[in-house]
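Scroll down for the structure; my scribbles are underneath it.
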Amino acid sequence: MGTAVEAKADALPNVRPGSVVKTNPKGAKTECLFADGTCILVSSFLASYIRFGDELLFPVGPEAADAGTQIYIRKTNPEERRWDVFQAEIGYATQPRKDKRNNLFVSAEVPDSQLGISAINLRCEALRDYFYVGNRRRGWDRQPSFYELLRVNPKVSLAELRLAFKLRALELKTALTSTGDLRTLERAFNILAHPELRACYDALLSDSTSPALFPYGGFGSLLVAGNISRDGSTFYASRILSFLPQQKFKHFRAPLRRVAFYNDRAVYRDARRKLEVLFDQTSLPLLWDSSWNQWKHLLGTKIGLKATFIQSGKYQQRAGAWHLAQWETALPSRIEVALPPNISEQTADARKIHHRFGEFSEALDLIRMHVESAPVERTDLQELCAKLGIPADFDISLITWKPDYDAFYYRQLCRRARRLYLFRSEYIFDLERAVIAETPQLGHATYLFSKPVNMTEFLTVYGRVAREDIRHNRGNVAERLGFLGRLIHGLSPQRWLKDLKLRMGESLEYALTED
């Protein structure tokens, strides 16, 4: 194996080898001194695996090697020669499969292969003995189960599991237990709180040779012990020494309408499907069930979310080809939810509106037909609603409201509008200095027009053309309507609002309530 390592150093010009003669602690780092008089700083944890005479292979450049730096440690001591050590940042880790010897393994890709090693193959036993155990110093047959650590029954629900985790964590903190025990408890909860990982763990409890998944699909800094392949492109890991997932702390407000509700859990995904949060009845205390999906789009409220997210990924087949889908998943143990104080009233109102949509469906269909041919002012529609027997407190604007629309835009325009018209699937706001057309649906822009001399004539012209005609000024319709341009909603509603205020000539001190 030494020949493969030496060949790597010769073949890669930006990689240098070094033979360690001494290690010196330097605060949180450790200095490795080489035989040629040069040195490199590494983490003290990594240095604990480096001995006198070991050969290091690493990229030229960094004065200090962090957790993402690729480093190969070749053991020269005959007593330790059974395995080498390799550190690298990994990407996606495959699903378990069998090798030529019928052994289960997963393969983790090394995206930026600076040392020529493009993949790390990990035996499923190594994954099992690192991620799915409470005590990594014991063999699998002497492990306490995660259920025993949390003091719960294996059939426990997700909500009961979280309560047990909080109680056990409180007990350990009160008893001034070591941080290592707390981390073990957190690992146990994070495995059992993820349905796929829990199923994997339960299978391992029944049969220790079952396939073991790499949690959340890999993505992080991996330190392993093992041996390199003859061609030097693959590292065969027999043991995981450490894994640090890619982590990000996020604090934001999430629309409740983006949550998919099930009887035993709820899942939040953002509009781009790049964030995922799994809730239970304890972490999201709202007494929800799957029926909420019928009317959640009527909820304009947002919940406060604080969570630590880790990178996740999985290959998915689309159009006959495999594509790697990546997103960020919130660690179950590090989720905090803040509910609005009036959440009960908002959910009750949404249910009430949903019920009325069903109760007055025929009357609302007549109203939709009415606004399909020409713009109609809101007060006129309210009078029509009264004639059709619809209660006066029914918000007529909800007729064309789409589930993915952010109410922030609607509220800001309503504050500035003198009158509101409904037309097809749009709102037309008559402001003091302009007219604005808005489609209450994700992916649409806000259309701005100069203030017309005659609003009736403006609506007549607008009702005869399409937005595409306005954008391309077909028949000079954009000039006739006084089209000023579009405001893209984008990812920042506050940026949209700033642009709106500038277009309207408002001062930046305009009274604004944060939504």
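Just the heavy atoms: all of them, side chains too, but no hydrogens, waters or symmetry mates, feed the values below.
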Side chain to side chain contact (heavy atoms under 4.5 Å, CB included) between Leu205 and Tyr147, intermediate numbers included: CA-CA 11 Å; Leu205 288 182; Tyr147 296 107; 3.9 Å; yes
Evaluation steps, side chain to side chain donor-acceptor pair (under 3.5 Å), between Thr234 and Asn121: CA-CA 7 Å; Thr234 304; Asn121 286 3; 5.4 Å; no
Steps toward side chain to side chain contact (heavy atoms under 4.5 Å, CB included) verdict (Asn135, Thr184): CA-CA 8 Å; Asn135 189 333; Thr184 297; over 6 Å; no
Full working for side chain to side chain contact (heavy atoms under 4.5 Å, CB included) between Ile50 and Thr30: CA-CA 10 Å; Ile50 298 175; Thr30 296; over 6 Å; no
Verdict with supporting geometry, Leu182 and Lys173, side chain to side chain contact (heavy atoms under 4.5 Å, CB included): CA-CA 8 Å; Leu182 288 170; Lys173 289 176 182 178; 4.1 Å; yes
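For Thr347 (side chain) and Ile343 (main-chain N/O), a donor-acceptor pair under 3.5 Å exists by modelled atom type. In this structure, the side chain of Gln70 engages the main chain of Gln114 through a donor-acceptor pair within 3.5 Å. The main-chain N or O of Glu31 is never found under 3.5 Å from a side-chain atom of Asn24 such that the two would form a donor-acceptor pair. Judged purely by atom type and a 3.5 angstrom limit, Gln87 has no side-chain atom pairing as donor or acceptor with the backbone of Ile71. Panel note: side chain Tyr427, backbone Ser397; a donor-acceptor pair is recorded below 3.5 Å. Under the 3.5 Å distance criterion, the side-chain polar atoms of Arg269 are left unmatched by any main-chain donor or acceptor of Glu276. No donor-acceptor pair under 3.5 Å is formed between the side chain of Arg258 and the backbone N or O of Tyr268. In this structure, His489 contributes its side chain and His444 its backbone to a donor-acceptor pair below 3.5 Å. Within the 3.5 Å criterion, the main-chain N or O of Thr94 finds no donor-acceptor partner in the side chain of Ser107. The main-chain N or O of Ala445 is never found under 3.5 Å from a side-chain atom of Tyr409 such that the two would form a donor-acceptor pair.
A 4.5 Å side-chain heavy-atom check between Val152 and Phe165 finds every atom pair outside the cut-off. The closest side-chain heavy-atom distance from Phe279 to Ile303 is below 4.5 Å. Looking only at side-chain heavy atoms (C-beta outward), Trp496 and Gln412 come within less than 4.5 Å of each other. Considering only heavy atoms from C-beta on, Phe261 comes within 4.5 Å of Leu284 through its side chain. Looking at Leu192 and Val156, their side chains never come closer than 4.5 Å, going by heavy atoms from C-beta outward. At least one side-chain heavy atom of Val337 sits less than 4.5 Å from a side-chain heavy atom of Ile335. Between Phe105 and Asn103 there is no side-chain heavy-atom pair separated by less than 4.5 Å. Contact check for Trp140 versus Asp129: side-chain heavy atoms found under the 4.5 Å cut-off.
If you look at Phe214 and Phe131, their ring centroids are closer than 6.0 Å. For Tyr130 and Phe243, the ring centers are positioned 6.0 Å apart or more.
Taking CZ of Phe249 as the start and CG of Leu331 as the end, the distance is 12.0 Å to the nearest 0.5 Å. Atom OG of Ser283 and atom NZ of Lys166 lie 7.5 Å apart (nearest 0.5 Å). Distance check, rounded to the nearest 0.5 Å: CD1 of Ile353 to CG of Leu299 gives 9.0 Å. With values rounded to the nearest 0.5 angstrom, Leu150 atom CG is found 8.0 Å from Phe189 atom CZ. With rounding to the nearest 0.5 Å, the separation of OG in Ser242 from OH in Tyr49 is 7.5 Å. The CD atom of Gln246 sits 9.0 Å away from the CD1 atom of Ile90 when rounded to the nearest 0.5 Å.
Across every non-hydrogen atom of Leu33 and Thr38, the tightest pair is CD1-O, 3.5 Å. Contact detail for Gln143 and Gly134: the closest heavy-atom pair is OE1-N, 3.2 Å. Between Ser118 and Ser113, the closest heavy-atom pair is N-OG, 3.6 Å. Nearest approach of Leu278 to Val267, heavy atoms of both residues: CD1-CG2, 3.7 Å. Among all heavy-atom pairs drawn from Ser145 and Tyr201, the shortest one is CA-OH, 3.2 Å. Scanning all heavy atoms of the two residues, the minimum distance from Leu298 to His354 falls at CD1-N, 3.6 Å.
The ring-ring contact (aromatic ring centres under 6.0 Å, His included) with Phe58 is formed by just one residue from the set Tyr72, Phe34, Phe86; it is Phe34.
Environment of NZ in Lys250: crowded, with over 12 heavy atoms of neighbouring residues, nucleotides or ligands closer than 6.0 Å. For Arg495, the CZ atom is loosely surrounded, since the number of other residues' heavy atoms within 6.0 Å does not exceed 12.
At a cut-off of 3.5 Å, with distance as the only test, no side-chain donor of Trp83 or Ser238 sits close to an acceptor on the other residue. If you check the side chains of Ser291 and Gln294, you find no donor sitting under 3.5 Å from an acceptor.
Ion pairing between a basic and an acidic side chain is recognised when a charged N comes within 4.0 Å of a carboxylate O; Lys75 and Asp54 show such pairing. Contact check on Arg168 versus Glu171 returns a salt bridge, with a Lys/Arg side-chain nitrogen under 4.0 Å from an Asp/Glu carboxylate oxygen.
No cation-pi contact links Arg128 to Tyr132, judged by a cut-off of 6.0 Å to the six-membered ring centre and 45° from its axis.
Glu125 is linked by a salt bridge (Lys or Arg N to Asp or Glu O under 4.0 Å) to Arg123, counting only residues two or more places apart in sequence or in another chain.
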